[in-house]
Amino acid sequence: FINGFAWTFCLPFAAMMEIPLWGKLIATAIGTPFLGFFVYAGYLHIQYRKYGSTQLVLSQVPLEPGTEARGLIQIPRRLIPEEGTRFGVQVKIFCERKEEVGSGEDSTTQTTVLFPQEYLIDTDLSRGTRSLIPVPLNIPEKAPLRCVEGNPKYTWKMTVSSRTQGVDFA
């Protein structure tokens with residue numbers, strides 16, 4: 001989408017130049033990714049200005065395998081759903097396993113998603129102008145601890161998104 005949007009701006013620019021066709025194609029090929037990057041960076045900036053810096057507060061630290069804990073996502077601005085829809089926040093939690101196979105130039109990195117969990121949360125414990133979203137954190141008993149130094153590397157990740165009025169929350 002972003003490169004398609006950027007293409008509409010770079011192509012006319014390349015067409016206005018008094019250079020041969022191959023030069024126009026090179027100018028368009030080089031300009032399109034850069035313009036796409038700036039459009040995407042602008043979108044992220046608008047998203048940050050609308051929602052601020054989100055934090056996750058854990059009910060206990062550390063989270064160990066086999067435990068059931070709770071988290072609270074604190075969003076400085078209140079999430080208002082799109083008109084005609086119910087409030088909902090989609091939360092995905094997973095463990096990412098990265099393993100380097102081979103050595104030297106022949107090495108490759110294999111990425112595997114372990115223990116995926118997905119929740120659709122329809123509760124907002126709002127306090128004034130901010131949103132507070134409760135999240136269950138169920139760490140499976142056989143789940144590895146976080147390890148970013150060895151091989152394989154294990155990293156726990158969480159993504160949160162919601163369709164809201166204007167720019168979506170993510």
Side-chain angles (χ1 to χ4, degrees), residues 1-9 32-100 109-170:
F1 165 74
I2 293 171
N3 278 337
F5 180 73
W7 180 262
T8 61
F9 289 102
T32 299
F34 288 114
L35 190 54
F37 169 77
F38 287 117
V39 169
Y40 185 65
Y43 178 82
L44 292 178
H45 178 73
I46 291 169
Q47 196 176 45
Y48 176 77
R49 297 281 296 172
K50 182 175 180 181
Y51 299 110
S53 182
T54 302
Q55 296 180 353
L56 173 66
V57 178
L58 301 173
S59 63
Q60 66 185 56
V61 176
L63 295 176
E64 297 199 13
T67 60
E68 290 184 20
R70 306 240 3 121
L72 189 64
I73 300 170
Q74 297 179 343
I75 305 164
R77 309 283 188 290
R78 190 164 189 182
L79 297 181
I80 300 171
E82 286 184 328
E83 200 154 322
T85 62
R86 293 184 60 216
F87 178 81
V89 176
Q90 185 175 11
V91 178
K92 295 179 182 178
I93 303 169
F94 57 93
C95 179
E96 188 175 76
R97 179 183 191 263
K98 286 189 178 183
E99 182 175 19
E100 253 186 68
T109 302
Q110 296 177 345
T111 303
T112 309
V113 173
L114 305 171
F115 312 108
Q117 301 171 39
E118 201 168 318
Y119 304 101
L120 182 60
I121 299 169
D122 59 0
T123 305
D124 183 358
L125 308 173
S126 296
R127 298 287 182 246
T129 60
R130 67 181 183 163
S131 285
L132 303 170
I133 313 298
V135 179
L137 300 169
N138 301 319
I139 309 300
E141 207 166 300
K142 294 183 180 183
L145 296 173
R146 178 177 178 264
C147 175
V148 293
E149 298 298 322
N151 191 29
K153 298 176 182 176
Y154 294 96
T155 308
W156 284 89
K157 295 186 176 185
M158 174 187 288
T159 62
V160 181
S161 62
S162 180
R163 297 191 58 82
T164 60
Q165 294 178 357
V167 178
D168 289 341
F169 175 76

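Keep in mind that the numbers below use all heavy atoms, side chains included, and drop hydrogens, waters and symmetry copies. A quick note: this is a predicted structure, and the numbers were derived from the prediction, not measured.
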Of Val113, Val160, Thr159, the one forming a side chain to side chain contact (heavy atoms under 4.5 Å, CB included) with Lys92 is Thr159
If we only count heavy atoms from C-beta on, is the Glu100 to Thr109 side-chain gap below 4.5 Å? yes
| message | Counting only heavy atoms not in Glu96 (residues, nucleotides, ligands), do more than 12 fall under 6.0 Å from its CD? | response | yes
CZ (Arg130) and CG (Leu125) are apart, to the nearest 0.5 Å, by 10.5 Å
Distance col, row Tyr154:OH vs Thr112:OG1, nearest 0.5 angstrom, shows 8.5 Å
Flag the pair Lys98 / Thr155 as yes when at least one side-chain heavy-atom distance between them is below 4.5 Å, and no otherwise. no
Rounded to the nearest 0.5 angstrom, the CZ-CD distance for Arg70 and Gln60 is 12.0 Å
* State, yes or no, whether a side-chain contact exists between Arg78 and Thr129 at a heavy-atom distance under 4.5 Å. => no
Rounded to the nearest 0.5 angstrom, the OG-CG distance for Ser162 and Asp122 is 11.0 Å
Thr54 side chain to Ile75 backbone, donor-acceptor under 3.5 Å
no
Scan the side chains in residues 132-142 for donor-acceptor partners under 3.5 Å anywhere in the protein, sequence neighbours excluded, and list what turns up.
unit_1	atom_1	unit_2	atom_2	d
Asn138	ND2	Tyr119	OH	3.4

Note: Pro65 and Ala143 closest approach over all heavy atoms is CG-O, 3.2 Å
Practice prompt. Determine, step by step, whether Leu79 and Val89 satisfy the side chain to side chain contact (heavy atoms under 4.5 Å, CB included) criterion, reporting the C-alpha distance in whole Å, the side-chain angles of both residues, the deciding distance to 0.1 Å, and the verdict.
Written response: CA-CA 9 Å; Leu79 297 181; Val89 176; 3.9 Å; yes
*Arg77, CZ atom: more than 12 neighbouring heavy atoms under 6.0 Å*: yes
